[in-house]
Participant: 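Could you have a look at this structure, given as structure tokens, before my questions?
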Amino acid sequence: MDTKRTGKRNTAPTEHSGAPRAVDHGTTAAFFLASFLLWEVIVRIFHVPRYIIAPPSAVMTQMAARFTDIYKHTLATSLETFVGFGIAVLVGVPLAMATAFSRFLRQTFYPLAVTLEMVPKIAFAPIFVIWLGFGFGSKMVVVLLVCFFPILINGVFGFTSLPTELQYLSRSTGAGAIRAFVKIRLPYALPQLFVGFKGAAVNATIGATIAEWIGGNAGLGYFISMSTGLFRMDIAIAAIIVLTALGLLLYGIVLWVETKMIPWHVSQRARINATGSA
Amino acid sequence: MCDSITLYGVKKVYDSRNGPVHAIGPADLSIRKGEFVSFLGPSGCGKSTLVLMVAGLLPPTEGEIRIDGVVVNEPRTDVGIVFQTPVLVDWRSVLGNVLLQVELRGLDPAQYRAHAVELLESVGLGEFLKQRPYELSGGMQQRTAFCRALLHDPPIVLMDEPLGALDAMTRTRLRDDLEKLWLGSPKSVLFVTHDISEAVQLSDRVVVITPRPGRVEREITVDLPHPRDFDVRQSPEFLGYVKDISDIFMQYGVI
């Protein structure tokens, strides 16, 4: 009886699990295309001035015409975003681990971190400009800050959420702290860690862009601010589209790593079922 | 006969926001080597607490527990534990979950692989070694948990309502599986349950525990031949034990 039930689950998982139906990418693409067309048509029919909003065609033209500039600024923003995010992961995860296991840190560092989390991080940006100058450093540190907190908070949550029975099981084997961590606590925390990484990935480009507005001489945020200053909506929107693509790229990388690292997690199983590849 | 587990005036009082909660005890009891003993009582009578204290995972408030004469004051590594839920990890296969028992002990899983496969085959999971826990039914998951508890061949097995979360049909099957496993390699078993016929079928001795604060109300030695198959379970003797125990709980107004 058991065998039969399981066999059925494996062959037709979507019918039973209530997972979303397979996504039709054609529909999605058609919707996006139609939205851009509508935008183009509205701007043309109502003769909306170019300094209010530019139609997609003009944006595309500028994307090509200003390719060198856009490329240069994209590189600058990418570097700030990826380095800031990377350092946030490298610093955030070990600190979350330490906080989860140290009563002292939970009473000192953690409340401080949570308090700082409540401060709008962007408020620090001008200070970083004074400390680190107008270049890469001050922007990267803002990205680092906006990425760090989601990673820390989700990390602490993940590392401290091990079910009691698993702790009992682990203790009844006499496993030391390190072995229990590697075999149970770390894999158990991974899904929650990825919640933090995804939150950080969303924050990263926001941090970079605003930091560039506040005081910079390079990057897409700086470029947008310059373009809008000249009422060049076509260039500004072109830069915004590239910035969006950059954010999607970082988020996509995190999602990809997630599917590789925790294919067993319930969120990933639903995704696999939904795309029909199970 | 040599005693395996002995409880001397063991009592547990939990601190809670509403003041101390007297969970169980004081309880005196001894379990012989190779004996299958059930703790039978209504929910909330502190049975699970007793199991955790024997495992050394929870300190008693008063009294002491000895295993082979040694006082239990830290987690015992010579026990196998089965919980009410399977407590399997999703990132490992069925076989991997069973081997986790020895990997956590720093032992080489390759050396235990054959034994793990043998155990899984004996409970009908031979074809599911590579499956993930979430691909199995609840009964199969719990069987995997049994195998994990037995892999290191512990002299003592502690089971905290291992069949409690299963449907009635699966429970009946798993009871027989459990009896078979125990007959194949007799260990001292401490089995917590609130199911009277389950306790009578599996146990050498049933320890009846009162509602909270749990106290040992009576110890009943079940003198019936193993395996206690369907015919034995329909016999007047078997039903007599069930009735006697039911009467006790009736008196307490539990059933």
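Side chains included, hydrogens not; waters and symmetry mates left out as well; all remaining heavy atoms used. Note that this is a predicted model, so its numbers are computed, not measured. Naming convention: chains lettered A, B, ... in sequence-line order (proteins, then strands); numbering from 1 in each chain.
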Participant: Between Tyr14(B) and Thr61(B), do the side chains contain an N or O donor and an N or O acceptor separated by less than 3.5 Å?
Facilitator: no
Participant: Does a donor on one side chain sit under 3.5 Å from an acceptor on the other, for Gln201(B) and Asp176(B)?
Facilitator: yes
Participant: Glu74(B) versus chain A, heavy atoms under 4.5 Å apart: side chain, backbone, both or neither?
Facilitator: neither
Participant: Less than 4.5 Å to any heavy atom of chain A: does that hold for the side chain of Leu125(B), its backbone, both, or neither?
Facilitator: neither
Participant: Is Leu88(B) in contact with chain A via its backbone, its side chain, both, or neither, using a 4.5 Å heavy-atom distance?
Facilitator: neither
Participant: With the side chain counted from C-beta on, respond yes when Ser4(B) and Ile156(B) share a heavy-atom pair under 4.5 Å apart, and no when they do not.
Facilitator: yes
Participant: Any salt bridge between Arg175(B) and Asp195(B), counting N to O under 4.0 Å?
Facilitator: yes
Participant: To the nearest 0.5 Å, how far apart are CG in Asp68(B) and CD1 in Ile5(B)?
Facilitator: 8.5 Å
Participant: Is the closest side-chain donor-acceptor distance between Thr259(A) and Gln268(A) under 3.5 Å?
Facilitator: no
Participant: Anything in residues 140-177 of chain A with a heavy-atom distance to chain B below 4.5 Å? Please list those residues in order.
Facilitator: Glu165(A), Leu166(A), Tyr168(A), Leu169(A), Ser170(A), Arg171(A), Ser172(A), Thr173(A), Gly174(A), Ala175(A)
Participant: Lys47(B) side chain to Gly41(B) main-chain N or O, any donor-acceptor pair under 3.5 Å?
Facilitator: yes
Participant: Return each pair, listed once, that meets ring pair (Phe, Tyr, Trp, His ring centres under 6.0 Å) where at least one residue sits in residues 50-80 of chain B; pairs must be two or more places apart or across chains.
Facilitator: none
Participant: For Val89(B), is it the side chain, the backbone, both or neither that has a heavy atom under 4.5 Å from a heavy atom of chain A?
Facilitator: side chain
Participant: Name the region of Arg76(B), side chain, backbone, both or neither, that has any atom closer than 4.5 Å to a heavy atom of chain A.
Facilitator: backbone
Participant: Please classify the contact between Leu190(A) and chain B as side chain, backbone, both or neither, with a heavy-atom cut-off of under 4.5 Å.
Facilitator: neither
Participant: Can a donor-acceptor pair be found between the side chains of Asn97(B) and Thr144(B) at a distance below 3.5 Å?
Facilitator: no
